[in-house]
Amino acid sequence: MRYSRYFIPTLKEDPSDAEVISHKLMIRAGMIRKLTSGIYTYLPLGLRVLKKVENIIREEMNRAGAIEILMPSVQPKELWEESGRWSFYGKELLRFKDRLGRDYCYGPTHEEVVTDIVRNHIKSYRELPINLYQIQTKFRDEIRPRFGVMRSREFIMKDGYSFDIDEKSAEESYHKMYVAYCKIFERCGLDFRAVEADTGAIGGNFSHEFMVMADTGEDTILLCDKCSYSANREKAQVGEKISSINTEEPLERLEKINTPDMKSIEEVSNYLKVSPLKTAKTLIYMIDSVFHMVILRGDREGNEIKIKNAVNGNEIRPATEEEIENLLKLPVGFMGPYNVSGLKVIADISLKGLKNFVTGANEKDYHFINANFDRDIKVDFFADISNAVDGDPCPRCEEGKLYSKKGIEVGHIFKLGTKYSKSMNATYLNEKGEEVLIVMGCYGIGVGRTVAAAIEQNHDKDGIVFPEPIAPFKYIIVPTNINDSEIKETAFKLYDIITQKGHEVIIDDRDERPGVKFKDADLIGIPYRITVGNTYKKDGKIEYVRRKDKTSLLYTFEEVINHI
RNA sequence: CGGGGCGUAGCGCAGCUUGGUAGCGCACCUGCCUUGGGAGCAGGGAGUCGGAGGUUCAAAUCCUCUCGCCCCGACCA
């Protein structure tokens, strides 16, 4: 490729609307341009990288026995009503009508379509298992798109779906994908970790997220410092040791204290001079249209997903202030799990065994001190319902403590079970002729996000440092002065030979000064730069520079060719 | 959806307070010169000042509405 005939609009300055480094560099290196919020064009350089990642994914998926297909991005409402997600999916689902007024959506994922295909054409246990995947444009109307292609609304995703005769076989399919994903991200040059995750809107009962370690990541993951436990914050469990069960403190007398206008834990604990560790805060959640009371230790944050799961609920939202006032007949801020009938009370395990704590008295301007479980307060059950934080005990091992890191979710695999095969009636006939539900799994990779994550992890002050397997070109040949015929001819001779050897190479044949070419070569992150210039004119040496660490070697023409 | 910020040439920005008819750097075009880390000189092209309405003799500037983009939040009472 000749640079002068290609299209790489690089920028000297950072774009004003980019925040994270990968976004800035992708714009500056001429890889992408924004069309509108969360919607991007891939320019030639960006597209080459995207295709590199796609091909790695394709190779590993095929190697793992998956089969590529291509499904439509526009999908009819009827399919989504069958699965129940037309109403469940919410505003993220982009919906529209055709000229006849029929409803459609732009696919954010493809469980419905692929299940429809399989139920229509797979009838026998002999045809299973099967794993179908595609690489395709998706649309999710994100609340707040940001960070360029890292969290965009339109994006390219590899989504795959496995279909098995039973749980055991499904687990094997899942494991194959787990292994394939590890290979894919290794080949992309990423430092990643597979962590346990919640299943979210996709649904199902078991999943792993593939997280790329990066400080700018939007997700927090918790890792054990002793064992291999790791999970994202939504899912991360807290070890039982968080409880205060072993204190030998005697029970004090319950007292009601006037706490005028003291509503927050901060206000109350300051006013009463009590650590938030010895307070309980009370929240009301609406879970599947039923109010639930949730109590947490004053220092802990509730985790809605865990709370929801603790009561096997589907939908959860905090009660509004108005609802609380109607329900308990008191202003918010003084609630407590005291004398509440008809409300299920769930307590976080951090509270288990806590003695003589402060809690709302269910009376305006009053809190209790020295409240104790059983004697004063009844809870229905204790559960792990708060967010794990740094220093929390590990849920898996005896000794370990959790610590947190930021990550970017580049892949997510789920065991779906029969969630979709049941609602959409996808069955096969077993060897006894019985109709049995197909057991499914689904597997996604954000392709563009993987590119962004790779840049997030591989850059320096001069620009992108592409890992070789996903670099848009392996070599860039820089003739320092294109008007010098000796330099020019040598450079082009090299270019022809390297191209013939089957390598991807771009030659910077622009009539620019050397500095400009060096800067651009660094910015766009080509792994090796071959410079033909002064050293060649002087003593026939060609410079071979590795982008990663700028190490430089001097070769004769023949040596360069042999080296490549 | 709530709060904040910003929309002026392809990109990055100044001008707006105090209204007087648009400017800087980069990029682009022409010429000269230069050729190892984003050179220099001279000349040049390019902007409905996001949009609509209003105030005024006069609006990028003041007022109203609107659209877009970015950031923070959207849950712990």
Side-chain angles (χ1 to χ4, degrees), chain A residues 9-20 23-24 27-28 30 33-39 90-91 141 143-148 151 218 234 261-268 276 279-286 293-308 316-325 327-328 330-336 348 359-360 362 364 367 385-387 461-463 478-484 487-488 508 510-523 529 531-538 541-543 545 550 552 554:
Chain A
T10 59
L11 259 32
K12 285 186 184 176
E13 286 170 292
D14 281 340
S16 63
D17 58 1
E19 198 73 8
V20 299
H23 186 195
K24 288 179 183 172
I27 302 273
R28 282 193 55 205
R33 284 294 184 270
K34 182 172 68 186
L35 178 62
T36 184
S37 181
I39 299 182
K91 288 186 178 164
D141 202 354
I143 297 179
R144 183 143 91 89
R146 59 187 137 175
F147 305 153
R151 176 169 228 85
E218 290 189 271
E234 288 167 356
D261 287 329
M262 305 286 164
K263 295 184 176 181
S264 69
I265 287 294
E266 199 187 348
E267 287 165 341
V268 172
T279 67
K281 64 180 168 190
T282 307
L283 316 173
I284 304 289
Y285 278 96
M286 178 70 99
M293 182 172 272
V294 169
I295 56 176
L296 303 166
R297 205 169 67 192
D299 61 316
R300 317 259 327 159
E301 272 185 9
N303 175 316
E304 290 188 1
I305 290 165
K306 288 187 184 179
I307 296 170
K308 183 182 82 177
I316 182 167
R317 64 166 177 85
T320 64
E321 224 165 282
E322 201 185 346
E323 286 170 338
I324 293 170
E325 285 172 14
L327 182 73
L328 297 172
L330 83 160
V332 296
F334 306 97
M335 288 186 291
D348 185 57
T359 181
N362 263 352
K364 186 178 184 316
H367 280 79
I385 52 172
S386 64
N387 276 333
K461 64 171 175 43
D462 293 317
V478 177
T480 56
N481 183 354
I482 204 71
N483 297 314
D484 182 309
I487 289 176
K488 183 178 174 183
D508 194 346
R510 294 176 299 171
D511 185 8
E512 290 285 355
R513 292 164 60 89
V516 173
K517 298 186 179 187
F518 293 150
K519 288 287 184 190
D520 275 338
D522 285 351
L523 178 62
R529 191 185 79 213
T531 306
V532 183
N534 286 350
T535 52
Y536 186 72
K537 298 276 283 186
K538 219 179 290 167
K541 293 293 176 71
I542 289 165
E543 204 178 15
V545 182
K550 304 275 177 81
S552 165
L554 287 175

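Lettering follows sequence order; numbering is per chain, from 1.
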A/Ile27 CD1 to B/rA27 P, in whole Å, measures 20 Å
With rounding to the closest Å, how many angstrom separate the C1' atoms on B/rG19 and B/rU55? 11 Å
Taking all heavy atoms of A/Asp462 and all of A/Lys519, pick out the closest pair and write down the distance. OD1-NZ, 4.4 Å
Check: A/Tyr536 and A/Thr480 side chains under 4.5 Å, non-hydrogen atoms: no
Could you check whether A/Asp462 gets within reach of a base, just the sugar-phosphate, or nothing at all, counting any heavy atom under 4.0 Å? nothing
Would you say A/Ile39 and A/Lys34 make side-chain contact, with heavy atoms under 4.5 Å? no
Quick check: do A/Arg28 and A/Asp14 have side-chain heavy atoms less than 4.5 Å from each other? yes
Measuring only the P atom in each nucleotide, how far is B/rC11 from B/rG47? A whole number of Å is fine. 14 Å
P gap between B/rU64 and B/rG5, integer Å: 15 Å
For B/rC1, which nucleotide in any strand shown is its Watson-Crick or wobble partner with both distances under 3.5 Å? B/rG73
A/Arg297 near the nucleic acid: base, sugar-phosphate alone, or nothing, with a heavy-atom cut-off under 4.0 Å? nothing
Just the rounded figure in Å: distance from P of B/rG12 to CG of A/Leu11. 7 Å
B/rG10 and B/rC67: how far apart are their P atoms, nearest whole angstrom? 25 Å
Taking atom C1' in both B/rG4 and B/rG37, what distance in whole Å separates the two? 41 Å
Rounding to an integer number of Å, can you tell me how far A/Lys538 NZ sits from B/rU35 P? 14 Å
Using whole Å, report how far NZ of A/Lys488 lies from P of B/rU35. 18 Å
Atom CZ of A/Arg529 and atom C1' of B/rG38 are separated, to the nearest Å, by 14 Å
Does A/Met293 reach the side chain of A/Thr282, with side-chain heavy atoms less than 4.5 Å apart? yes
Measuring only the P atom in each nucleotide, how far is B/rA58 from B/rC16? A whole number of Å is fine. 22 Å
Side-chain heavy atoms of A/Ile385 within contact of A/Val294, under 4.5 Å: yes
Please give the nucleotide sitting opposite B/rC24 as a Watson-Crick or G-U wobble pair, both distances under 3.5 Å, or none. B/rG12
Over how many whole Å does the gap from A/Phe518 atom CZ to B/rG36 atom C1' extend? 5 Å
Got a donor-acceptor pair under 3.5 Å from the side chain of A/Arg28 to the base of B/rG38? yes
What about A/Asp522, does its side chain sit under 3.5 Å from the base of B/rG37 through a donor-acceptor pair? yes
Which nucleotide, if any, forms a Watson-Crick or G-U wobble pair with B/rG53, using both distances under 3.5 Å? B/rC63
Would you say the base of B/rG38 and the side-chain of A/Glu512 have a donor-acceptor pair closer than 3.5 Å? no
Taking the P atom in each of B/rG12 and B/rG7, what is the distance between them to the nearest angstrom? 12 Å
Just name whichever nucleotide pairs with B/rG31, Watson-Crick or G-U, keeping both distances under 3.5 Å, else none. B/rC41
Between C1' on B/rG36 and CG on A/Asp484, what's the gap in Å once rounded to a whole number? 13 Å
Check ion pair A/Glu19-A/Arg146 (N to O, under 4.0 angstrom): no
With side chains defined as the heavy atoms from C-beta onward, is the minimum distance between A/Lys281 and A/Val268 less than 4.5 Å? no
Between protein and nucleotides 67-77 of chain B, map the contacts as a letter string: B base, S sugar-phosphate only, - none, heavy atoms under 4.0 Å, written 5' to 3'. -SSSBB-BBBB
Distance between the P atoms of B/rA14 and B/rU30, in whole angstroms? 32 Å
Distance in angstrom units between A/Asn534 CG and B/rG37 C1', rounded: 13 Å
Any donor-acceptor N/O pair under 3.5 Å between B/rG38 base and A/Asp520 side chain: yes
Does A/Asp520 reach the side chain of A/Arg510, with side-chain heavy atoms less than 4.5 Å apart? yes
